[in-house]
Amino acid sequence: SAVISQKPSRDICQRGTSLTIQCQVDSQVTMMFWYRQQPGQSLTLIATANQGSEATYESGFVIDKFPISRPNLTFSTLTVSNMSPEDSSIYLCSVTLGGEQFFGPGTRLTVL
Amino acid sequence: AQSVTQLDSHVSVSEGTPVLLRCNYSSSYSPSLFWYVQHPNKGLQLLLKYTSAATLVKGINGFEAEFKKSETSFHLTKPSAHMSDAAEYFCVVSFGYSSASKIIFGSGTRLSIRP
């Protein structure tokens, strides 16, 4: 199994600022996934982060808006840049290990 | 292309009656299938998973799901609903067993329980 922690658990930010979310896993994994869950919606995959290479972004998400770092096999960060109220969501990181998906507790972001 | 469809956005049942939450998938490969539950303001919790073993999978809190390849379905059931079952339920499909596997979430089904 994998235990995932995220920081911060929640934040309230001003429009135009940026927030970096950290994700730490207790196991070494090749890829880490970042999801967004907008209010009342399902989870949408933002990007897949592979250690040692650039992240792969899904349609509708771009690196300038959501830069990702993956410095080692247990850690990743997602930055939400130049925030607007539409970015208010829960952001989750996830890993696949042994055929099972594990999710972090999420970061609840509110943009005013 | 791989996809997952939850057929009902909202299901409402009376306490003590059966629950059925429907999920269909589309895949060119043998998928792994999961049901997750998300209570209000809580994180995702794994209810059960299918990974090509027994087709009838039993999960936590009395839930179970049956994998039917011929119907490409993985419906979630519970014989008797409890008030604490009120939550959002997500059917999830994963393709592959490696750490590079990507998963796809269904749109979710909100389960309401009437007293």
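So that the names make sense, note that chain A is the first sequence line, chain B the second, and so on, each numbered from 1.
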Consider only side-chain heavy atoms of I, L, V, M, F, W and Y, link residues closer than 4.5 Å, and tell whether [X] and [Y] are in one cluster.
| X | Y | result |
| --- | --- | --- |
| A/L19 | A/W34 | yes |
| B/L21 | B/V57 | yes |
| A/F66 | A/I63 | yes |
| B/I60 | B/L111 | yes |
| B/V93 | B/L7 | no |

Ring centers of A/F103, B/F34 separated by less than 6.0 Å: no

Could you measure the distance from the [atom1] atom of [X] to the [atom2] atom of [Y]? Nearest 0.5 Å is fine.
| X | Y | atom1 | atom2 | answer |
| --- | --- | --- | --- | --- |
| A/Q101 | B/S32 | CD | OG | 7.0 Å |
| A/S1 | B/L46 | OG | CG | 11.5 Å |
| A/S42 | B/Y36 | OG | OH | 12.5 Å |

Chain A contact via B/Q6 - which portion, at a heavy-atom distance below 4.5 Å: neither

A quick test of your reading: do over 12 heavy atoms of other residues, nucleotides or ligands sit less than 6.0 Å from CD of A/E54? no

Output the residues of residues 67-76 of chain B for which the shortest heavy-atom distance to chain A is under 4.5 Å, in residue-number order; output 'none' if no such residue exists.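 Counting heavy atoms that sit under 4.5 Å from chain A, no residue of residues 67-76 of chain B is involved.
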
Could you go step by step and tell me if A/Q37 and B/F90 meet the side chain to side chain contact (heavy atoms under 4.5 Å, CB included) rule? CA-CA 12 Å; A/Q37 185 177 26; B/F90 295 99; 3.6 Å; yes

Heavy-atom side-chain contact between B/L44 and A/L92 under 4.5 Å: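 Counting from C-beta outward, B/L44 and A/L92 do come under 4.5 Å.
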
